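Right, one structure below, let's go through it.
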Amino acid sequence: MNRGIVLTLLSLLMGMLVCCEDYKDCNSPVDTSLGIRFYRQTHDTDRDTTLPGLTAYGIGRADSLLAKRLPTSSLFVPLRQDQDTTAFFLGPDSTRRTGDTLTLAYTRTLHFISSGCGFTTYYQLDTVYSTRHFIDSLAVPQKKIVTTHATNVKIYY
Amino acid sequence: MRRMLRYTIKPALLAGVFLGLSLGLSLQAVAQFSGDAKYGFRVGLDLSRIPMHYLNPYRTDLEIQTDVRIDSDLYVALDGGWNRTRLDNKPVFQYNSQGVFLKAGVDYNLMKRKFPAEANLLYVGFRYGVARMQRQIPAYQVSDPYWGSVEGHFSQKTLLPQWAELLVGIKAEVLNNLFVGWSLHTRILITQNLDPQVRPYLIPGFGKATTNAVFDMSYQVSYRIPLWSPRPKKKTPKQAPQNSEESSAQ
């Protein structure tokens, strides 16, 4: 092969090393919502269940529903980044107006992702409790809330 | 796709043409100068930082490279410079940093000289680098459409990153004592957990610090100040014939 072609190819390759980059691009997940999954316990066995008409909203944000009377088996809800506690209303059945309040206490850590994505907030759950109108019990299989979209809280009806 | 092409092909072509010309110039400068071997102090500028600023306007770099020939093929090298980085990704992230660096090490010439004065080099080298930089995050925002976004800032912090570096390159004497050359570098960051809050985006002298190992290249123009010439090696006289003459005289 002609030496000139080789040199040009080599130069282009080296040119790529110093080539431009867009530091504003965000290609990483940043969402750190709390994962909730609904179960029904029968004979010591967990069974996924779908709530027929779940209504969910953050306490203080009743004007903005996270779930609006929809059949739902799992839900991802955002925790407050400015406080160490967040509470949610969970109404399992659209035919009834009552529901339960799920309260979560946690510690927050600011986590840097990239120049394009900026920061996100990681959470470590400390305490999870609820009223027991419809909810039977709670389990917390994953206390750490990061960008993996894991199930953090199991709710048994 | 069009955006990607704009960001890759055009600057790559520019850099490629720039480097191709320099490479051709370097390879043509073969053994033009004759005379005694020269030892001296060489000082140069890394010109690759100029197109770098054009391709990536968020960064401004200056690098001065020096070396002293201490043996036939061995050079002690000291490089220094400055970097300023400004990232403006409002409202998500703003970042400013500025700092200086120093790299010390050696270069070893691998090319056999065709005559004693030939100063063209094909070399490998090692550097140990340290930088002193200040970084600041004037504003950031963590978006949350449901509960409301959170804003904040980080005040200025001084960091002292250190790294090791391997390099390979060529230097060609294109005019008497004037050299052009290029080199490829690989650097490994030694300092771990440099900043637990925000990893620096760019370290002066090291480059983009989003990973612990980086590749880089440089294109140098340098001038050698010939300070001294090596002492010619004394030829030891052959002893055996003299001894025989002395013994015969006695």
Side-chain angles (χ1 to χ4, degrees), chain A residues 3-28 30-34 56-66 76-83 85-88 108-123, chain B residues 3-4 6-24 27 48-49 51-52 54-58 85 87-89 91-95 137 140-150 152 154 182 184 195-199 201-202 208 210 215-219:
Chain A
R3 179 187 277 191
I5 295 171
V6 174
L7 291 179
T8 306
L9 287 173
L10 188 65
S11 304
L12 279 170
L13 187 68
M14 287 194 294
M16 297 297 279
L17 286 173
V18 296
C19 187
C20 53
E21 62 208 44
D22 193 351
Y23 64 83
K24 294 181 182 179
D25 284 347
C26 178
N27 301 313
S28 304
V30 294
D31 181 40
T32 54
S33 294
L34 172 86
Y57 57 84
I59 300 296
R61 289 300 316 271
D63 57 325
S64 181
L65 298 178
L66 294 162
F76 287 93
V77 293
L79 299 178
R80 293 189 73 133
Q81 299 179 75
D82 58 340
Q83 292 182 9
T85 307
T86 306
F88 296 95
R108 293 166 285 151
T109 311
L110 196 63
H111 179 77
F112 179 66
I113 295 179
S114 69
S115 58
C117 305
F119 293 89
T120 192
T121 306
Y122 284 177
Y123 304 92
Chain B
R3 189 178 176 208
M4 196 177 80
R6 181 163 60 89
Y7 276 113
T8 53
I9 290 179
K10 186 184 159 194
L13 279 172
L14 276 172
V17 168
F18 180 72
L19 287 164
L21 285 171
S22 68
L23 199 61
L27 291 174
S48 70
R49 304 297 124 169
M52 180 79 83
Y54 167 71
L55 296 169
N56 302 301
Y58 69 86
T85 301
L87 307 180
D88 188 4
N89 187 16
V92 174
F93 186 67
Q94 288 175 269
Y95 173 96
I137 291 142
Y140 70 84
Q141 185 186 80
V142 186
S143 172
D144 181 351
Y146 193 76
W147 293 110
S149 299
V150 172
F154 286 99
W182 54 260
L184 297 172
D195 185 353
Q197 291 168 322
V198 185
R199 190 180 174 98
Y201 188 75
L202 200 140
K208 209 174 157 191
T210 47
F215 290 96
D216 196 6
M217 59 79 57
S218 74
Y219 170 75

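Just so it is clear, the model here is predicted, and its values are computed rather than measured. Labels below follow one simple rule: chain letters A, B, ... track the order of the sequence lines, proteins then strands, and each chain is numbered from 1. Side chains included, hydrogens not; waters and symmetry mates left out as well; all remaining heavy atoms used.
Counting only distance, with no hydrogens or angles, the side chain of A:Tyr57 and the backbone of A:Phe88 share no donor-acceptor pair below 3.5 Å.
The most heavy-atom pairs under 4.5 Å with chain B, out of A:Thr121, A:Thr120, A:Leu66, A:Asp31, come from A:Leu66. Listed options A:Val77, A:Val30, A:Asp82, A:Leu79 were ranked by heavy-atom pairs under 4.5 angstrom with chain B; first place goes to A:Leu79. Contact tally against chain B (heavy-atom pairs below 4.5 Å) for A:Ser115, A:Gly116, A:Gly58: the top residue is A:Ser115.
Between B:Tyr201 and B:Tyr58, the gap from one ring centroid to the other is short of 6.0 Å.
Looking at A:Cys117, the atoms closer than 4.5 Å to chain B (heavy atoms on both sides) all sit in the backbone: N, CA, C or O. Using a 4.5 Å cut-off between heavy atoms, A:Thr86 touches chain B through its side chain atoms alone. In this structure, the portion of B:Gln197 lying under 4.5 Å from any heavy atom of chain A is its backbone and not its side chain.
One distance of note links NZ of B:Lys208 with CG of B:Leu202; it measures 8.5 Å at 0.5 Å rounding. With rounding to the nearest 0.5 Å, the separation of CZ in B:Arg49 from OH in B:Tyr219 is 14.0 Å. To the nearest 0.5 Å, atom OH of residue B:Tyr140 and atom CZ of residue A:Phe112 are 12.0 Å apart.
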